[in-house]
Amino acid sequence: MKIAIAGAGAMGSRFGVMLSRAGNQVILIDQWAEHVAAINAKGLTVDTETGSSQVHLPAYLPAQVTEKPELVILFTKSMGLPKMLAAIEPILTPETKIVCLLNGLGHVPTLEKYVHRENIFMGVTLWTAALIGPGHVKLVGDGRVEVQNIVPTEQAAAEEICRVFSAAGLKAEYSPNVIFSIWRKACVNGTLNTLCTLLDCNIAQLGALPQTAKLLRQIIAEFALVAKHDDQVALPVEPIARDIEALYDPKKAGEHYPSMHQDLIEHHRLTEIDYLNGYVAKKAAAAGLATPICQLLTELIHAKEALLVK
Ligand SMILES: NC(=O)C1=CN([C@@H]2O[C@H](COP(=O)(O)OP(=O)(O)OC[C@H]3O[C@@H](n4cnc5c(N)ncnc54)[C@H](OP(=O)(O)O)[C@@H]3O)[C@@H](O)[C@H]2O)C=CC1
Ligand SMILES: CC(C)(CO)C(=O)C(=O)O
């Protein structure tokens, strides 16, 4: 399949490398000129548990692409999504399918401004990856993917995307209720990412703190309030909290510094907070609901951004 990865940072590179190794024709598209130049000059440097290798994939700035892909996989940061969609609009045909695997909430209305609804596929992933520098990523660990169509007639196309992903080892499953999965994943990021970033710790260290269990449940309960009000999604607080707590195990994600920590603490870049706790606080305010903890966490992250982002 002809696949374009739009947003070829850590996660986009992971998907690009795995899909290319499975025989797909993959191109990488990214706005970061130094990263694109490094990949084209010497290949993408991929570090894994077993060593380092160079993977040769064509990389482009959005304005340079002329090929028309059959499938586009979006992996920008949430705040980069509109700019990327506007930039790749010229290469989209009425048949091009788009899969959005970003963390965070509220992406469908953005996608609908650029893509016909029947071509939009939403998903979540538990794969992880880290961007070490331009043209250099670290891909360790295991993961899986869930994908669903947003227009009911397009289930077969979603299942085909899952088949292509799974043939590349990405372990994709058709999701019968992706909106629930997106909210559940947002609970993971709205707790672990936000708290690890504010406390400057990894997931295992967060899990060992006496305050964490209660705080986790309070944050999830606020997400549940808005999920129910806005999307009629019922989020069960206790089972979601237990699933998140299972990630403290160093054999799972315990050693991992969440992507928000990588963005703000390590790279002094803006975070996706407005698509996580900030989204919940904003939607709650609009509906007259109280989500004081999400409101406070959002303000603290923005304050830390003001201190750290150049
Ligand atoms: N990393 C992870 O383990 C996981 C991430 N996700 C989600 O996947 C999506 C993509 O995340 P991820 O792959 O981590 O993002 P990255 O930060 O690795 O890359 C995203 C984009 O940010 C820009 N960028 C990154 N670093 C720099 C830099 N130093 N200078 C200039 N530009 C830079 C690049 O594009 P541009 O210039 O166009 O902004 C890049 O394509 C997010 O929604 C994230 O939450 C989901 C699961 C796990
Ligand atoms: C790995 C995980 C689940 C950690 O919160 C994540 O999605 C991230 O780092 O953004």
Side-chain angles (χ1 to χ4, degrees), residues 5-17 28-39 44 59-63 73-88 99-107 110 122-146 170 181-182 184-197 201-204 206-207 216 243-248 252-276 279 309-310:
I5 311 284
M11 292 296 288
S13 295
R14 171 185 276 291
F15 276 61
V17 167
L28 305 178
I29 306 174
D30 204 275
Q31 312 262 12
W32 185 14
E34 206 186 340
H35 183 53
V36 168
I39 297 169
L44 185 66
Y60 302 92
L61 293 169
I73 304 172
L74 290 165
F75 258 131
T76 61
K77 290 291 183 186
S78 298
M79 45 285 187
L81 184 59
K83 188 175 171 201
M84 179 59 83
L85 286 168
I88 62 169
V99 192
C100 177
L101 294 172
L102 277 58
N103 280 336
L105 297 159
H107 300 318
T110 306
M122 295 303 296
V124 289
T125 179
L126 285 177
W127 286 97
T128 61
L131 189 60
I132 310 293
H136 189 178
V137 292
K138 186 172 177 187
L139 309 182
V140 295
D142 198 15
R144 59 188 178 82
V145 186
E146 289 178 43
L170 285 162
S181 303
I182 289 171
R184 185 179 50 195
K185 179 78 198 287
C187 289
V188 178
N189 300 122
T191 52
L192 301 185
N193 293 26
T194 307
L195 296 175
C196 287
T197 303
C201 64
N202 68 24
I203 291 172
L206 176 74
L216 204 70
D243 284 351
I244 295 173
E245 286 168 342
L247 298 173
Y248 300 164
K252 295 205 168 149
E255 309 274 350
H256 181 72
Y257 285 83
S259 56
M260 189 182 290
H261 184 284
Q262 294 174 35
D263 289 335
L264 187 53
I265 309 299
E266 289 160 44
H267 299 126
H268 296 183
R269 289 169 59 80
L270 295 174
T271 72
E272 295 181 301
I273 192 71
D274 287 338
Y275 302 85
L276 296 165
Y279 178 93
V309 179
K310 294 147 214 149

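We count ligands from 1, going down the list as the structure has it; atoms in each ligand are counted the same way.
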Give the atom numbers and elements of ligand 1 that come within less than 4.0 Å of a heavy atom of [X].
X	result
Phe75	8 (O), 9 (C), 10 (C)
Leu102	43 (O)
Leu131	18 (O), 25 (C), 26 (N)
Ala8	41 (O)

Next on the checklist: If you take the nearest heavy atom of each of Asp30, Thr128, Asn103, which one is closest to atom 34 (C) of ligand 1?
Outcome noted: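 Of the listed residues, Asp30 has the closest heavy atom.
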Can you list every pair where an N/O of ligand 2 is under 3.5 Å from an N/O on the protein?
from     : atom 1 : to     : atom 2 : distance (Å)
ligand 2 : 5 (O)  : Asn193 : OD1    : 2.5
ligand 2 : 7 (O)  : Asn103 : ND2    : 3.4
ligand 2 : 7 (O)  : Lys185 : NZ     : 3.1
ligand 2 : 7 (O)  : Asn189 : ND2    : 2.9
ligand 2 : 9 (O)  : His256 : NE2    : 3.0
ligand 2 : 9 (O)  : Ser259 : N      : 2.8
ligand 2 : 10 (O) : Asn103 : ND2    : 3.2
ligand 2 : 10 (O) : Asn189 : ND2    : 3.4
ligand 2 : 10 (O) : Asn193 : ND2    : 3.1
ligand 2 : 10 (O) : Ser259 : OG     : 2.5

Are the side chains of [X] and [Y] in touch, meaning some heavy atoms are under 4.5 Å apart?
X	Y	result
Tyr275	Asn103	no
Asn189	Met260	no
Pro258	Ile203	yes
Lys185	Leu126	yes
Val145	Phe15	yes
Leu192	Tyr248	yes
Leu28	Asp30	no

Checklist entry - Could a heavy atom of Tyr275 be found less than 4.0 Å from some atom of ligand 1? => result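 Tyr275: no contact with ligand 1 (<4.0 Å).
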Checklist entry - Can Met79 be said to touch ligand 1, with heavy atoms closer than 4.0 Å? => result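 False for this residue.
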So which protein heavy atom does [atom] come closest to, and at what separation?
atom	value
atom 9 (C) of ligand 1	Thr76 O, 3.4 Å
atom 45 (O) of ligand 1	Glu272 OE1, 2.5 Å
atom 22 (O) of ligand 1	Arg269 NH2, 3.3 Å
atom 18 (O) of ligand 1	Ala10 N, 2.8 Å
atom 3 (O) of ligand 1	Ala129 N, 3.1 Å
atom 12 (P) of ligand 1	Lys77 NZ, 3.8 Å
atom 48 (C) of ligand 1	Trp127 O, 3.3 Å
atom 19 (O) of ligand 1	Gly9 CA, 3.4 Å

Checklist entry - Would you call the rings of His35 and Trp32 parallel, tilted or perpendicular if under 30° counts as parallel and over 60° as perpendicular? => result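 Answer is parallel, since the angle falls under 30°.
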Checklist entry - Which pairs, with at least one residue in residues 125-144 and sequence neighbours excluded, count as a salt bridge (charged side-chain N to carboxylate O under 4.0 Å, His left out)? => result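 Pairs touching residues 125-144 that pass the test: Asp142-Lys171, Arg144-Glu146.
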Checklist entry - Within the structure, does Met11 bring an N/O atom to less than 3.5 angstrom of an N/O atom in ligand 1? => result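 It does: an N or O of Met11 is found under 3.5 Å from an N or O of ligand 1.
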Checklist entry - Using a distance-only test with no angle check, is there a side-chain donor-acceptor pair under 3.5 angstrom linking His261 and Glu266? => result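 There is such a pair (donor and acceptor under 3.5 Å, judged by atom type) between the side chains of His261 and Glu266.
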Next on the checklist: For Val188, is there any backbone N or O sitting under 3.5 Å from a side-chain donor or acceptor partner on Thr191?
Outcome noted: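 Yes; at least one donor-acceptor contact below 3.5 Å.
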Checklist entry - Got a donor-acceptor contact below 3.5 angstrom from the Gln262 side chain to the Tyr257 backbone? => result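 Yes: the side chain of Gln262 pairs with the backbone of Tyr257.
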Checklist entry - Among Ile5, Thr125, Leu139, which residue meets the side-chain contact (heavy atoms from CB on, under 4.5 Å) test with Arg14? => result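 For Arg14, the side-chain contact (heavy atoms from CB on, under 4.5 Å) check succeeds only for Leu139.
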Next on the checklist: If the threshold is 4.0 Å, N to carboxylate O, is there a salt bridge linking Lys77 and Asp263?
Outcome noted: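 Between Asp263 and Lys77 there is a salt bridge, with a charged N closer than 4.0 Å to a carboxylate O.
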